[in-house]
Participant: 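Once you've had a glance at the structure underneath, I'll fire off some questions.
The model shown is predicted, which means the values in this text are computed figures rather than measured ones.
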Amino acid sequence: ASSLFGSENINESISLNHKHTDGNYPFRFGNKENEYHRTNSDYNMSSISSLTRYKNNSWVSCLRIILNSADRGIPGPFIDDMNLNDDSDSRLKDESAIVILSNSYLLDNITTFYLGLNTNINNYDYTDNDFFATGFGGLNVNFTNPDFGANAKLKTRIFYLLTNFCLEYS
């Protein structure tokens, strides 16, 4: 679902998204005579995003925020003719937050200056209660990955050539 509202100088767009599947689907393996059911392959994902745009004479500023959250099962191995049940309870949860701020300024009819900042933070959490390595009563691994970037660009026309001068940091 999404919505757009605002005025000529300020407007806002908001989007919501959700996906789900139980993931417990039938399949055939090996001799293709027996039907099995895959388990723990469910998936839930939700996201929300927002875009705010502000325009004032020669300035245009935009702020985009995107938040995502997902939780999914990690199916266990399946080996034919060994009566192994696919009963893994491993889970992977991942969350991310993305923030992008961009500004542009029209210096004259052929020259524009751009300035942008962005950050992206991802967090992953993997849990496997059946992890059987010696000394472990299960496994829980958490990883966070922060990222930051900045960029500046000058766009102009030199004679008949459209020219960009860029500087980026990440």
Side-chain angles (χ1 to χ4, degrees), residues 1-7 9-55 60-104 114-151 168-170:
S2 65
S3 178
L4 175 65
F5 53 91
S7 66
N9 292 339
I10 299 176
N11 51 53
E12 175 78 23
S13 172
I14 297 174
S15 298
L16 301 170
N17 186 22
H18 180 76
K19 295 179 184 178
H20 167 79
T21 180
D22 66 10
N24 298 333
Y25 55 89
F27 69 97
R28 297 187 184 278
F29 183 77
N31 62 16
K32 299 189 171 120
E33 291 178 15
N34 297 328
E35 183 176 277
Y36 303 94
H37 285 268
R38 177 57 105 185
T39 61
N40 197 40
S41 55
D42 61 308
Y43 178 79
N44 282 300
M45 189 277 299
S46 297
S47 68
I48 183 169
S49 65
S50 169
L51 173 64
T52 304
R53 184 175 176 269
Y54 172 73
K55 181 179 179 186
V60 176
S61 296
C62 293
L63 175 64
R64 177 174 293 276
I65 299 172
I66 305 168
L67 304 173
N68 294 306
S69 178
D71 177 19
R72 66 193 69 156
I74 309 296
F78 180 84
I79 301 175
D80 195 22
D81 297 328
M82 292 189 67
N83 294 324
L84 291 180
N85 292 327
D86 177 27
D87 61 356
S88 169
D89 66 352
S90 301
R91 307 295 299 169
L92 177 63
K93 296 178 182 177
D94 61 273
E95 298 172 330
S96 65
I98 302 168
V99 178
I100 302 167
L101 175 62
S102 61
N103 295 285
S104 64
Y114 298 91
L115 179 64
L117 301 171
N118 61 72
T119 187
N120 184 2
I121 299 172
N122 297 298
N123 185 66
Y124 302 95
D125 188 22
Y126 175 74
T127 304
D128 184 352
N129 293 327
D130 296 328
F131 187 73
F132 56 86
T134 304
F136 288 97
L139 180 67
N140 188 350
V141 178
N142 188 283
F143 174 72
T144 301
N145 180 34
D147 185 31
F148 172 77
N151 61 62
E168 293 190 21
Y169 169 81
S170 180

Participant: Picking from Asn68, Ile66, Asn17, Leu67, what satisfies side chain to side chain contact (heavy atoms under 4.5 Å, CB included) with Ile48?
Facilitator: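 Option passing the side chain to side chain contact (heavy atoms under 4.5 Å, CB included) with Ile48: Leu67.
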Participant: State whether the side chain of His18 and the backbone N or O of Met45 hold a donor-acceptor pair below 3.5 Å, judged by distance alone.
Facilitator: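 Yes: the side chain of His18 pairs with the backbone of Met45.
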Participant: Report yes if some heavy atom in the side chain of Ile98 is under 4.5 Å from a heavy atom in the side chain of Asn118; otherwise report no.
Facilitator: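 Sidechains of Asn118 and Ile98: no contact.
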Participant: How long is the span from the CG atom in Leu101 to the CG atom in Leu63, to the nearest 0.5 Å?
Facilitator: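 That separation rounds to 6.0 Å.
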Participant: Just how far is it from atom NZ of Lys55 to atom SG of Cys62, taken to the nearest 0.5 Å?
Facilitator: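 It is 11.0 Å, given to the nearest 0.5 Å.
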Participant: First locate atom OG of Ser96, then atom OH of Tyr124, and finally report the distance between them rounded to the nearest 0.5 Å.
Facilitator: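 One finds 7.0 Å between OG of Ser96 and OH of Tyr124.
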Participant: Do Ile100 and Asn120 have side-chain heavy atoms sitting under 4.5 Å apart?
Facilitator: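 A side-chain contact is absent here, since even the closest heavy-atom pair is not under 4.5 Å.
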Participant: Out of curiosity, Leu115 CG to Ser104 OG, how far, rounded to the nearest 0.5 Å?
Facilitator: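 Rounded to the nearest 0.5 Å, the CG-OG separation comes to 10.0 Å.
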Participant: Between Asp125 and Arg91, does any side-chain N to carboxylate O distance fall below 4.0 Å?
Facilitator: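 So Asp125 does not pair with Arg91 through a salt bridge.
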Participant: What's the separation between atom CG in Asp71 and atom OG1 in Thr127, rounded to the nearest 0.5 Å?
Facilitator: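 Nearest 0.5 Å value for the CG-OG1 distance: 9.0 Å.
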Participant: I'd like to check Glu95 versus Ile121 (side-chain heavy atoms, cut-off strictly below 4.5 Å). Are they in contact?
Facilitator: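 SC-SC contact between Glu95 and Ile121 ruled out.
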Participant: Would you name the heavy atoms of His20 and Asp22 that are closest together and state the gap between them?
Facilitator: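 Heavy atoms of His20 and Asp22 come nearest at NE2-N, 3.8 Å.
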Participant: Working to the nearest 0.5 Å, report the span between CG of Leu117 and CG of Asn151.
Facilitator: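 Leu117 CG to Asn151 CG: 7.5 Å, rounded to 0.5 Å.
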Participant: Which pair of non-hydrogen atoms, one from Asp147 and one from Thr119, has the smallest distance, and what is that distance?
Facilitator: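 Looking at all heavy atoms of both residues, the shortest contact is O-OG1, 2.9 Å.
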Participant: Do Phe143 and Tyr126 touch side chain to side chain, with heavy atoms closer than 4.5 Å?
Facilitator: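 With C-beta onward as the side chain, the pair stays apart.
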Participant: I'd like to check Val60 versus Arg53 (side-chain heavy atoms, cut-off strictly below 4.5 Å). Are they in contact?
Facilitator: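 Side chain of Val60 against side chain of Arg53, heavy atoms only: contact under 4.5 Å found.
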